[in-house]
Structure formats: C-alpha cells, structure tokens
Amino acid sequence: QVQLVESGGGLVQTGGSLRLSCAASGRTFSSYAMGWFRQAPGKEREFVAAISWNGGSTSYADSVKGRFTISRDNAKNTVYLQMNSLKPEETAVYYCAAESASYYRQPIRTAGEYNYWGQGTQVTVST
C-alpha cells in the first residue's frame, strides 16, 4: 500500500510560482515512476509531468515545457513540481501519482498506468 500526500497548493497571481510536494509512503519509493496530473472543473484529468524512478528522465506536457520542473528526492520519499509563470487556465486540482507495480520505469504519461493517487491539492491562479 502506498499513500501519497500532496501539499503546496494555494492562490497565486498570474505569472507567479508555486512548488508542489508529494510525500509518499512505501519502502521502495525509489523504484517508483511518479507523475503529476491536473483536473480543472468540468474537464478531464490531464497529464502535466512525469519522472523516472531515479530522476534521470522526465517528460512534460507541451503546455508546461520550460515553465514547470518535476524532480524527486528519494531520500525523502518526495516528488516535487516547481511551477513558474502560472496562467489562469492552469487553475485546477493537482494530483500526484505513483506506479509501484513495476520497478524502474521511465516517465509515464498515461494516467491509467498509475496505481496510486493522492487526494489532490488546489491551485488557483488569479487574473
């Protein structure tokens, strides 16, 4: 069983920055591929960023490339999402996800491949 707890969301102005954190339980966190997704009201959940088990490879949605950075600290069982130059349309609940069924995966962009999800953290970008 893996538990994921996101934090760091909040209200920020357009162009501002936030850093999301996702703390994970599990003795083998360092072998999990991790990802961030978001879901705005009335919209489907969409991929934001993903990172391989060792942090050596990352993948981003085109809409966030150059502004968002995903990283992980396996010693702290935590994955981060640094978000810069935020836009109002990025207002959403942001979810952390873990793929623990297979070890040593490369970044995963597909939500259905993750088997654990956090409860989400609200990010609101004001105009």
Side-chain angles (χ1 to χ4, degrees):
Q1 186 76 11
V2 176
Q3 292 186 322
L4 304 173
V5 180
E6 300 100 332
S7 61
L11 175 64
V12 63
Q13 291 186 334
T14 298
S17 297
L18 283 174
R19 187 195 196 202
L20 305 183
S21 299
C22 173
S25 65
R27 298 174 63 183
T28 55
F29 171 81
S30 60
S31 65
Y32 304 161
M34 301 293 294
W36 286 96
F37 291 75
R38 64 190 179 192
Q39 187 167 18
K43 295 188 177 181
E44 294 186 354
R45 189 170 298 189
E46 66 171 353
F47 169 74
V48 176
I51 191 166
S52 62
W53 63 280
N54 63 350
S57 183
T58 57
S59 180
Y60 296 93
D62 288 345
S63 61
V64 307
K65 280 181 181 177
R67 298 186 298 117
F68 288 16
T69 302
I70 187 171
S71 61
R72 66 189 297 160
D73 185 340
N74 285 346
K76 295 182 178 180
N77 278 20
T78 302
V79 64
Y80 305 97
L81 184 68
Q82 177 66 44
M83 305 185 296
N84 299 329
S85 302
L86 282 160
K87 306 174 183 179
E89 56 265 36
E90 294 179 312
T91 293
V93 177
Y94 283 70
Y95 296 92
C96 172
E99 199 289 317
S100 67
S102 305
Y103 290 170
Y104 312 126
R105 292 285 303 271
Q106 294 302 302
I108 303 169
R109 300 171 64 96
T110 306
E113 294 192 52
Y114 290 93
N115 56 334
Y116 287 102
W117 292 83
Q119 81 289 349
T121 186
Q122 176 70 45
V123 172
T124 302
V125 185
S126 64
T127 57

Asker: Are any non-hydrogen side-chain atoms of V64 and R38 less than 4.5 angstrom apart?
Answerer: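 Yes - at least one pair of side-chain heavy atoms lies under 4.5 Å apart.
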Asker: Honestly curious: do F29 and W53 fall in one hydrophobic cluster under the side-chain, below-4.5 Å linking rule?
Answerer: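 No, no single cluster joins them.
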Asker: Side chains of Y80 and R19: does their closest heavy-atom pair fall under 4.5 Å?
Answerer: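 They are in side-chain contact.
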Asker: When rounded to the nearest 0.5 angstrom, what distance separates CD in E46 from OG in S63?
Answerer: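 Atom-to-atom, E46:CD and S63:OG are 5.5 Å apart.
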Asker: Between D73 and T78, do the side chains contain an N or O donor and an N or O acceptor separated by less than 3.5 Å?
Answerer: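 There is no such pair between these side chains.
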Asker: Side chains of N115 and S100: donor-acceptor distance under 3.5 Å anywhere?
Answerer: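 A donor-acceptor contact under 3.5 Å links the two side chains.
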Asker: Can you check whether N84's main-chain N or O pairs, donor with acceptor, with Q82's side chain at less than 3.5 Å?
Answerer: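 Answer holds: no.
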Asker: Which pairs, with at least one residue in residues 13-122 and sequence neighbours excluded, count as a disulfide bond (SG atoms under 2.5 Å apart)?
Answerer: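 Non-adjacent pairs meeting disulfide bond (SG atoms under 2.5 Å apart): C22-C96.
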Asker: Please answer whether the main-chain N or O of S126 pairs with a side-chain N or O of T14 as donor and acceptor at a distance below 3.5 Å.
Answerer: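 It does hold such a pair.
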Asker: Kindly say whether the aromatic ring centers of W36 and F47 come within a distance under 6.0 Å.
Answerer: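 Between F47 and W36, which both carry aromatic rings, the centre distance is not below 6.0 Å.
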Asker: Side-chain heavy atoms nearer than 4.5 Å, only ILVMFWY residues, links allowed to pass through others: does that put F68 and M34 together?
Answerer: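 Same cluster: F68 reaches M34 through Ile, Leu, Val, Met, Phe, Trp or Tyr contacts under 4.5 Å.
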Asker: For atom CD of Q119, is the number of surrounding heavy atoms from other residues, nucleotides or ligands below 6.0 Å larger than 12?
Answerer: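 Counting neighbours around CD of Q119, more than 12 heavy atoms of other residues, nucleotides or ligands fall under 6.0 Å, so yes.
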Asker: Does the salt bridge (charged side-chain N to carboxylate O under 4.0 Å, His left out) test come out yes or no for R67 and E90, once each step is laid out?
Answerer: CA-CA 12 Å; R67 298 186 298 117; E90 294 179 312; 2.5 Å; yes
Asker: Return the set of residues passing side chain to side chain donor-acceptor pair (under 3.5 Å) with T91 (not counting sequence neighbours), or none when no residue passes.
Answerer: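 Expected list: none.
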Asker: Ring of Y95, cation from R45 - is the NZ or CZ under 6.0 Å from the centre and inside 45° of the axis?
Answerer: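 Yes, cation above the ring, under 6.0 Å and within 45°.
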Asker: Decide if the gap between the ring center of Y32 and the ring center of Y116 is smaller than 6.0 angstrom.
Answerer: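 No, too far apart.
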Asker: Mind checking whether Y94 and F37 sit in one hydrophobic cluster, side chains of I, L, V, M, F, W, Y counted as touching below 4.5 Å?
Answerer: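 No.
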